[in-house]
Amino acid sequence: MIRARVVVASNRAAAGVYPDTSGPLLVNGLRGLGCVVDEPVVVPDGEPVGAALRAAHSDGMQVVLTSGGTGVTPTDRTPEVTRALLDYEIPGIAEAIRAHSRAQVPTAALSRGLAGVVGRMLVVNLPGSTGGARDGLAVLGPILAHTVDQLGGGDH
């Protein structure tokens with residue numbers, strides 16, 4: 001089974017201003033894909049996301065989906081924090097997620113989410129909306145197991 005974690009980057013949800021809705025959706029979606037995943041980790045955007053990614057790597061996670069912090073506001077820092085930790089990017093995943101969403105939500109083109117690898121751990125930044133979470137799962141569903149197998153040294 002794939003070990004996964006969901007990290008929600010939301011200043012307001014972390015402060016208790018409102019409940020996070022995308023994190024539970026992602027947890028349930030990952031479980032539906034056969035992953036073992038605990039409840040979401042909710043942190044403020046910025047360096048706390050980096051700390052959560054480093055903790056996930058130390059804990060042996062194979063997949064981390066982040067939710068939120070991928071837009072163009074001054075407080076959206078998740079892509080920058082993620083990029084600093086990546087060994088390499090997998091741009092096709094992020095491009096596919098944006099393309100999947102763009103037909104229904106034109107502003108999906110504004111998402112700066114990344115996908116890449118830290119060690120042997122796949123990290124994918126998703127928008128913080130429930131629609132963005134669903135779209136991310138729709139794109140990842142058919143490729144997640146193969147990607148994790150490849151990162152673990154599996155053959156093509």
Self-check item: V117 and L151, any side-chain heavy atoms less than 4.5 Å apart
Solution: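 In short, these two side chains touch, coming nearer than 4.5 Å.
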Practice problem: Answer yes or no: is there a side-chain heavy-atom contact under 4.5 Å between I90 and L122? | Solution: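 Contact flag for I90/L122 side chains = yes.
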Minimal non-hydrogen separation, [X] against [Y], with atom names:
X: V43; Y: A14; result: C-CB, 3.7 Å
X: S10; Y: A13; result: OG-N, 3.0 Å
X: V49; Y: A9; result: CG2-CB, 3.5 Å

Practice problem: May I ask whether L126 and I2 are part of the same hydrophobic cluster, defined by side-chain heavy atoms of I, L, V, M, F, W, Y residues being less than 4.5 angstrom apart, directly or through others? | Solution: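 They do share one cluster, since a chain of ILVMFWY contacts under 4.5 Å joins L126 to I2.
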Quiz item: For the hydrophobic clusters of this structure (ILVMFWY residues joined by side-chain heavy atoms under 4.5 Å, transitively), does one cluster hold both V6 and I93?
Solution: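 They do share one cluster, since a chain of ILVMFWY contacts under 4.5 Å joins V6 to I93.
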Solution key, residues 64-72 side-chain donor-acceptor pairs under 3.5 Å, sequence neighbours excluded:
| unit_1 | atom_1 | unit_2 | atom_2 | d |
| --- | --- | --- | --- | --- |
| T66 | OG1 | N125 | ND2 | 2.8 |
| S67 | OG | S22 | OG | 2.5 |
| S67 | OG | P127 | O | 3.4 |
| T70 | OG1 | S111 | OG | 3.4 |

Where at least one partner belongs to [range], residue pairs that pass salt bridge (Lys or Arg N to Asp or Glu O under 4.0 Å), sequence neighbours excluded:
range: residues 42-69; answer: R5-D59, E47-R54
range: residues 141-156; answer: none
range: residues 18-33; answer: R31-E39
range: residues 112-130; answer: E80-R112

Quiz item: V105: which other cluster members, linking ILVMFWY side chains closer than 4.5 Å, directly or transitively?
Solution: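 Listed partners: none, V105 stands alone.
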With [X] via side chain to side chain donor-acceptor pair (under 3.5 Å) - residues at least two apart:
X: E89; answer: R83
X: Q104; answer: none
X: T73; answer: T75, D76

Quiz prompt | Qualifying residues under salt bridge (charged side-chain N to carboxylate O under 4.0 Å, His left out), relative to R98, sequence neighbours excluded | solution =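 R98: no salt bridge (charged side-chain N to carboxylate O under 4.0 Å, His left out) contacts found.
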Quiz prompt | Reported NE2-to-CD distance for the pair H100 and E95, which is rounded to 0.5 angstrom | solution =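 It is 15.5 Å, given to the nearest 0.5 Å.
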Quiz prompt | Test item: D87 side-chain N/O and G119 main-chain N/O as donor-acceptor pair under 3.5 Å | solution =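 At least one qualifying donor-acceptor pair exists.
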Output a table of donor-acceptor pairs, distance under 3.5 Å, between side-chain atoms of residues 133-147 and any protein atom two or more places apart or on a different chain; print 'none' if there are none.
| unit_1 | atom_1 | unit_2 | atom_2 | d |
| --- | --- | --- | --- | --- |
| D135 | OD2 | S101 | OG | 2.6 |
| T147 | OG1 | I143 | O | 2.7 |

Quiz item: Who are the side chain to side chain contact (heavy atoms under 4.5 Å, CB included) partners of V118, not counting sequence neighbours?
Solution: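 Here the qualifying residues are H57, L85, L86, M121, V123.
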